[in-house]
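Note that the structure is a prediction, hence the values are computed from the model and not measured. What you see below is based on every heavy atom in this structure, not just the backbone, and it leaves out hydrogens, waters and symmetry mates.
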Amino acid sequence: KMQPEAALMHNKLGVSYQSAKMYQQAETSFITSLEVRKVGDGEKNLGAKNVYNQLGNLAYVQGDYEKALENYTKALEIAQAVSGNNHKETATCVSNIAMAYEKMKDYVKALENHLKTAAINKAIDGGAYLGGGIMYSQENRFELEESNEEVAVYYVKVGDLLKEQG
């Protein structure tokens with residue numbers, strides 16, 4: 001059983017390349033890790049989900065938010081199939097999707113996905129982290145964790161868009 005070790009080695013290599021900003025080599029390593037995982041464990045496994053998240057993160061740091069969204073969506077599909085809808089693995093994927101939408105300036109879809117993340121986390125442990133410095137409290141209120149002007153501006157924009165849509 002060399003496949004798990006080989007997949008892990010390629011994955012770690014990808015992380016190292018990404019840290020060194022050697023993005024093409026990182027992508028090649030992540031894709032190799034994914035292919036090895038698929039051979040050993042099939043299409044839908046948490047290892048493959050993790051690689052899709054890493055491919056999404058790689059695209060995200062390069063500013064290719066559509067490609068990031070595509071990979072985060074693949075990761076979400078696997079997380080839901082393997083772990084179900086109310087699981088931390090699923091919440092992480094939905095949160096990543098929300099962040100990609102934020103960067104794409106699609107604030108309505110970003111908020112929808114932040115709220116999905118909150119609902120999943122609330123179902124799991126009663127409290128829900130939304131990301132971007134926002135907490136969803138047990139009293140169903142939004143609270144800023146820390147003063148963050150960018151986050152405040154973001155949520156003002158979301159509020160304006162929701163008002164426009166009625």
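Atom CD of Gln62 is separated from atom CD of Glu27 by 7.0 Å, given to the nearest 0.5 angstrom. To the nearest 0.5 angstrom, Ile97 atom CD1 is 12.0 Å from Glu112 atom CD. Residue Met99 holds its CE atom at 10.5 Å from OH of Tyr65, rounded to the nearest 0.5 Å. The distance from atom CG of Asn71 to atom NZ of Lys49, rounded to the nearest 0.5 Å, is 12.5 Å. His10 contributes atom NE2, which lies 9.5 Å from atom CD of Glu35 (distance to the nearest 0.5 angstrom). Atoms CG and CE, from Asp64 and Met104 in turn, are 9.5 Å apart once rounded to the nearest 0.5 Å.
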task = Would you sort out whether Leu115 and Thr117 count as a side-chain contact (heavy atoms from CB on, under 4.5 Å), showing the intermediate values?
result = CA-CA 5 Å; Leu115 292 173; Thr117 302; over 6 Å; no

Criterion side-chain contact (heavy atoms from CB on, under 4.5 Å) on Tyr23 and Lys21, from CA distance to verdict = CA-CA 5 Å; Tyr23 298 131; Lys21 298 186 176 166; 3.4 Å; yes

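Here the side chain of Thr90 pairs a donor or acceptor atom with the backbone of Gly84 at under 3.5 angstrom. In this structure a side-chain-to-backbone donor-acceptor pair under 3.5 Å is missing from Ser95 to Ala91. In terms of modelled atom types and a separation under 3.5 Å, the side chain of Ser33 and the main chain of Ser29 share no donor-acceptor contact.
Nearest heavy atoms, Ala26 versus Gly14: CB-O, 3.4 Å. Heavy-atom minimum distance, Gly56 versus Ala68: O-CB, 3.3 Å. Here the closest non-hydrogen pair linking Ile78 and Glu43 is CD1-O, 3.8 Å. Closest heavy-atom contact between Val94 and Asn113: CG1-O, 3.2 Å. Of all heavy-atom pairs between Val15 and Gln54, the closest is CG2-NE2, 3.4 Å. Across all their heavy atoms, Lys88 and Ile124 have their closest contact at N-CD1, 3.5 Å.
Cluster annotation: Leu55 is not connected to Leu76 through the hydrophobic network of ILVMFWY side chains, with a link wherever side-chain heavy atoms come within less than 4.5 Å. Note: the hydrophobic cluster containing Val51 does not contain Leu8 (ILVMFWY, side chain heavy atoms under 4.5 Å, direct or indirect links). Clustering ILVMFWY residues whenever any of their side-chain heavy atoms sit less than 4.5 angstrom apart, transitively, puts Leu58 in the very cluster that holds Leu34. Under the 4.5 Å side-chain heavy-atom criterion for ILVMFWY residues, a single connected hydrophobic cluster contains both Ile31 and Tyr52. Phe30 and Leu69 fall into different hydrophobic clusters, where Ile, Leu, Val, Met, Phe, Trp and Tyr residues are linked whenever their side-chain heavy atoms come under 4.5 Å apart, directly or through other members.
Within the 4.5 Å cutoff, the side chain of Val61 has heavy atoms near those of the Gln18 side chain.
Using cut-offs of 30° and 60° for the angle between ring planes, the Tyr60 and Tyr72 rings count as tilted.
Enclosure of atom NZ in Lys38 by more than 12 non-hydrogen atoms of other residues, nucleotides or ligands within 6.0 angstrom is indicated.
Looking at Glu70 and Lys74, a side-chain N of the basic residue comes within less than 4.0 Å of a carboxylate O on the acidic one, giving a salt bridge.
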